[in-house]
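Working notes for the structure below.
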Amino acid sequence: MKLSLRIKLFLFVPVFAMVPWLGYQTFQKLQHFATEAQSEALRVLAESLKPELDILSRPETIAGLRVAPEPMRRAPVIDGFFDEWPNTPDALADDRIRVKVGQFDDQIIFALEVKDSTRFYREPLFGRSEAVPFDAIRLRLTDGPSVEEVILAAEASGGFDAPVFGDPLLVKSKPRVRAYWWEISGGYRLEWEMPVSQVLSRQIDFIQYDHNWIEPIESRYRFGIEPLNAKVQQLARRLAGETRQIMVIDSDGLVIAKTTAPDEMPSLLVSDAWTRDVTLTEQDIRLNVPISTETGRYSILIAAPTSEIVGAAQQALVTLAWQTLGVLILLILGLSIYSGRLAERITRLRRELKSYLDTRGRFSSEPALTDAQTSDEVGELSRDVQQVLRDLARYTAFLERIPRTLRHELSNPMSTVQTSLELLSDEKDPEQQGRLRATAERGIQKLESTLAKVTEAASLEEALRDEDQHGFDVARVTRDAVESIQRTVTDRQWRLDAPTDPVVILGNDLRFEQMLDKLLDNAKDFTPIGGLITVGIRDHINAVSVWVENTGSSLQVCNGIDAFQMFSGTRNDSTGSHLGLGLYVVRLIAESMGAQVSIGNSEQGVRVEVTGLDVP
């Protein structure tokens, strides 16, 4: 089955769908690890309550209505305002009063709101034998034969200390109860606190006196307080801090200690003691730790917010899901555009390649690919293909020209040999025979020279592939070559234009010397007697160029003929000794060193330049 490049690219898209699944698996493992770690930490926290539970003494059960005080997060300010009280149901409530009961460590706090349109405050006697009637709250605390009374009545709005009496007939007072009376529209508020020991296992008669001008009203209520154990409650509050909630329940379902729930966290319930496993919700983790002590079995319930690791993992999973969805959409769009563009460029490259070939498979024009100027892989491929096309075009032209060139180069000496041999057979004069033999030998030498040069040029390209490149001083090599040819060729003028400092390039010094000899020999052969030949070197910091310029006739290049191709015949040679192999050897050596070679006419004559010689 043949698939296009675009379809093959789209086959990789489903792989990215594995990212959310892998993220979910990672989150599950992270959540399990964090839950286990947090559960173990909470179990250790619960074990901290065991010493207090070992010495716990249970109070006597009170008959009748029992009120459980609500735990308070911090010690309230007795000021007649109920802002710091938890939002919990009232302990007592009817059409006249609302009562809240709270506990902070070993203190029981009461908050009372009374509806009373006529408020009468307590007045001093001022010499009177009887007190003027007033509004008051009377508490009678009964424990068998023991009775205590507290009268809560204020002379004005504000704080006061209420006396505690062992018997109403006795004048001697006991420690006072700190209270605060605050008048409000349509009634008043009363807030007071008492130690746990004062209400523990006692029946409380709550009497509200409402004095008015018509008929005084007296409302009675009876209940008992089941306070939280003060020491256990205090320790649980410190362990819970601001972020956790702790509840201690005995085997009978009685709450021994309980802390307030943090904001936005559901409060613990007595029914949570029935659950033995760890419960994990979106907001918190709940744990039931059973503990056996010397005083019985207890269930310690702890609720704590999920750890930052789990919470962060949940948030990261949601973020990852949305990000992955966005990435997948962008990936699909990007792959569509990229694959379409890539397929279009490859198709265009294929179409352009076919356009440069005629019906017989031969090159019809100079290749110029559209993507050859881009810097990506397709651009590199286009440049490489373009270079291959040019090399193939040049090689094709060489193959087409070499039979005619070889025939031309070999036919003249062969004709000379054949003619000399034919004349030699009929010639009787020894002197004439010697001249004919000499002519035939020159023809044979010309054939041998031609074959040797062709063999040398053909084997050079293969030899250059395996040669090592190293750094050498091109200025010194050039200077030695010019000085050497000056001593042997004295009928031409030689000039060197090169730096005196060393100029190091990367290549093979022997091959460079061979290339320079070809350039100098070529310039010598086409320079008239007394003419000037200039050899120059230019250091361009990141590359070096070498050029040879000679005076004489200008260059004549036929259309479509490469001057550096074998048997090019671009320069006229009256001697017939040039086969067009010198510049071909120069090009091979220059390209093996990463350079380019060019030839053209100049003001002085003809200039051949090798550019782009790499520096180490």
Side-chain angles (χ1 to χ4, degrees), residues 38-59 66-79 81-89 91 100-111 178 191-200 225-250 253-273 279 283-291 293 295-307:
Q38 192 172 13
S39 300
E40 188 62 29
L42 294 178
R43 287 190 180 92
V44 174
L45 185 69
E47 291 289 339
S48 302
L49 293 169
K50 189 174 184 298
E52 291 294 340
L53 295 176
D54 285 335
I55 59 175
L56 178 68
S57 60
R58 299 189 179 187
R66 290 177 293 181
V67 175
E70 287 294 329
M72 305 189 74
R73 184 171 300 176
R74 55 186 62 88
V77 179
I78 306 301
D79 56 0
F81 293 93
F82 302 160
D83 298 339
E84 68 271 24
W85 282 78
N87 187 17
T88 56
K100 289 180 178 291
V101 181
Q103 180 176 347
F104 181 80
D105 293 347
D106 59 349
Q107 294 292 321
I108 300 294
I109 301 93
F110 296 85
R178 188 164 62 94
E191 194 174 15
W192 71 94
E193 63 178 358
M194 304 174 69
V196 171
S197 59
Q198 195 169 358
V199 299
L200 184 64
I225 302 291
E226 285 187 342
L228 305 172
N229 185 273
K231 292 185 178 180
V232 178
Q233 173 68 15
Q234 185 177 17
L235 179 58
R237 179 180 60 83
R238 293 176 178 175
L239 293 176
E242 296 291 335
T243 60
R244 292 180 289 271
Q245 184 184 14
I246 298 177
M247 179 185 288
V248 181
I249 304 174
D250 64 6
L254 180 65
V255 178
I256 305 299
K258 179 183 177 181
T259 63
T260 58
D263 296 337
E264 300 182 358
M265 179 186 290
S267 179
L268 288 170
L269 303 175
V270 176
S271 58
D272 291 336
T279 303
Q283 296 179 341
D284 55 34
I285 179 174
R286 300 187 171 215
L287 183 68
N288 181 8
V289 182
I291 293 181
T293 67
T295 58
R297 294 180 58 85
Y298 300 91
S299 294
I300 300 179
L301 306 178
I302 301 180
T306 54
S307 68

Audit row: Val101, Ile108, side-chain contact (heavy atoms from CB on, under 4.5 Å) steps and yes/no | CA-CA 7 Å; Val101 181; Ile108 300 294; 3.9 Å; yes

Backbone of Asp79 reached by a side-chain donor or acceptor of Glu191 within 3.5 Å = yes

Positive for side-chain hydrogen bond (donor to acceptor under 3.5 Å, both in side chains) with Thr260, one of Arg237, Glu70, Arg73 = Arg73

Looking at side-chain heavy atoms only, is the closest gap between Leu42 and Val289 below 4.5 Å?
-> no

Are any of the side-chain heavy atoms of Pro76 and Glu193 separated by less than 4.5 Å?
-> no

Closest non-hydrogen atoms of Ser39 and Leu287, given as atom of the first, atom of the second and distance, are O-CD2, 3.5 Å

Side-chain donor or acceptor of Asp106 paired with backbone N/O of Val196 under 3.5 Å | no

Are any of the side-chain heavy atoms of Asp250 and Leu56 separated by less than 4.5 Å?
-> no

Ser299 and Ala273: which non-hydrogen atoms are nearest, and at how many Å?
-> CB-CB, 4.3 Å

Which atoms form the tightest heavy-atom contact between Phe110 and Ile225, and what is the distance?
-> CE2-CD1, 4.3 Å

Side-chain contact test, heavy atoms from C-beta onward, threshold under 4.5 Å: evaluate it for Ser48 versus Leu235 and give yes or no.
-> no

Do Ile291 and Leu49 have side-chain heavy atoms sitting under 4.5 Å apart?
-> no

Minimal non-hydrogen separation, Gln107 against Pro195, with atom names | OE1-N, 3.7 Å

Gap separating the CG atom of Leu53 from the CD1 atom of Ile300, nearest 0.5 angstrom = 5.5 Å

Could you check if a side-chain atom of Arg244 sits within less than 4.5 angstrom of a side-chain atom of Pro262, using non-hydrogen atoms only?
-> no

Supply the atom-to-atom distance Arg43 CZ to Ile302 CD1, rounded to the nearest 0.5 angstrom.
-> 9.5 Å

Met72 and Pro86 have their tightest heavy-atom pair at CE-CD, 4.3 Å

Taking side chain as C-beta onward, heavy atoms only, is Arg286 less than 4.5 Å from Leu301?
-> no

Does Leu268 reach the side chain of Lys258, with side-chain heavy atoms less than 4.5 Å apart?
-> no

CD1 of Ile256 to NZ of Lys231: how many Å apart, nearest 0.5 Å?
-> 15.0 Å

How many angstroms lie between CD in Glu84 and CZ in Arg74, if you round to the nearest 0.5 Å?
-> 9.5 Å

Drop me the distance from Asp105's CG to Leu228's CG, to the nearest 0.5 angstrom.
-> 10.5 Å

Please report the closest heavy-atom contact between Ala257 and Val232, naming both atoms and the distance.
-> CB-CG1, 3.6 Å

Salt bridge flag under 4.0 Å for residues Glu226 and Arg66 | yes

To the nearest 0.5 Å, tell me how far Met194 CE sits from Gln103 CD.
-> 13.0 Å

Would you confirm whether Thr293, through its side chain, and Lys50, through its main-chain N or O, come within 3.5 Å as a donor-acceptor pair?
-> no

